[in-house]
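Hydrogens, waters and symmetry mates are skipped; everything else that's a heavy atom, side chains included, is used. Residues: numbered from 1 along the sequence shown.
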Amino acid sequence: QVQLVESGGGSVQAGGSLRLSCAGNTYSSSSNYGTGWFRQAPGNEREGVAFIYDGGLSTVYADSVKGRFTISQDNAKNTVYLQMNSLKPEDSAVYYCAAKTYVGPWYNQALYAYWGQGIQVTVSS
């Protein structure tokens, strides 16, 4: 019954911007402890990018994106966003949103029971 649908990916030149959206039906659930964005580039491990919780009042970012990316949410639309500015080629990856269903560190991917399908972001130099 839980669904997460991602949109907004694509290709941009270095220095450009993209906004990813994650629409779902879990953001008002009592078992939803936040929503995260993760990414995986070919040959690399999937890594945490950003996390939003406390009803959208609190956020956490990986050091590699802090100052460039912004995570936010619109509770009325049941949507979480990832605004990506000043994009670099190393940001190229498949990006996933996921709903955290267990208490624990935000970067522990085992705590996220629901995942989006993944969406490609490509940044050219």
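- In this structure a side-chain-to-backbone donor-acceptor pair under 3.5 Å is missing from Tyr81 to Thr70.
- Rounded to the nearest 0.5 angstrom, Gln3 CD and Tyr114 OH are separated by 11.5 Å.
- Remark: side-chain polar atoms of Asp91 are paired, donor with acceptor, to backbone N or O of Lys88 under 3.5 angstrom.
- The cluster map of Ile, Leu, Val, Met, Phe, Trp and Tyr, joined by side-chain heavy atoms under 4.5 Å apart, puts Val94 and Ile71 in different clusters.
- Trp106 has its side chain out of reach of Leu111: every pair of non-hydrogen atoms, C-beta onward, lies at least 4.5 Å apart.
- Between Asp54 and Ser58, the closest heavy-atom pair is OD2-OG, 2.9 Å.
- Note that Arg39 lies outside the cation-pi zone of Tyr96, set by a 6.0 Å cut-off to the ring centre and a 45° limit from the axis.
- The two atoms that bring Gly9 and Val121 nearest to each other are CA-CG2, 4.4 Å, heavy atoms only.
- Paired with Phe69 under the rule side-chain contact (heavy atoms from CB on, under 4.5 Å), one option of Leu20, Leu87, Asn85 passes, and it is Leu87.
- Among all heavy-atom pairs drawn from Ala14 and Pro89, the shortest one is CB-CD, 4.2 Å.
- No donor-acceptor distance shorter than 3.5 angstrom exists from the side chain of Ser64 to the backbone of Ala62, with no hydrogens or angles considered.
- Residues Tyr107 and Phe51 keep their aromatic ring centres 6.0 Å or farther apart.
- In this structure, Ser17 OG and Gln83 CD are separated by 6.0 Å, a value rounded to the nearest 0.5 Å.
- Both Ile52 and Tyr61 belong to a common hydrophobic cluster when Ile, Leu, Val, Met, Phe, Trp and Tyr are linked at side-chain heavy-atom distances under 4.5 angstrom.
- Distance check: Trp37 CH2 to Leu82 CG gives 6.0 Å after rounding to the nearest 0.5 Å.
- Formation of a donor-acceptor pair under 3.5 Å by the Asp74 side chain with backbone atoms of Ala76 is found in this model.
- Side chain of Glu6 to main chain of Gly118: a donor-acceptor pair is present (N/O by atom type, distance under 3.5 Å, no hydrogens or angles).
- Closest non-hydrogen pair, Gly10 versus Leu18, comes out as O-CD1, 3.9 Å.
- For the atom pair CD (Glu47) and CD (Gln40), the distance works out to 9.5 Å, reported to the nearest 0.5 Å.
- Residues Met84 and Arg68 are not in side-chain contact: their nearest non-hydrogen atoms beyond the backbone lie 4.5 Å or more apart.
- Under the 6.0 Å cut-off for aromatic ring centres, Trp115 and Phe38 qualify, their centroids lying closer than that.
- In this structure, OG in Ser92 is found 7.0 Å from CD in Gln120, a value given to the nearest 0.5 Å.
- To the nearest 0.5 Å, atoms CG (Leu57) and CD (Gln73) are separated by 8.0 Å.
- Hydrophobic clustering of Ile, Leu, Val, Met, Phe, Trp and Tyr side chains at less than 4.5 Å, counting indirect connections, unites Val123 with Ile119.
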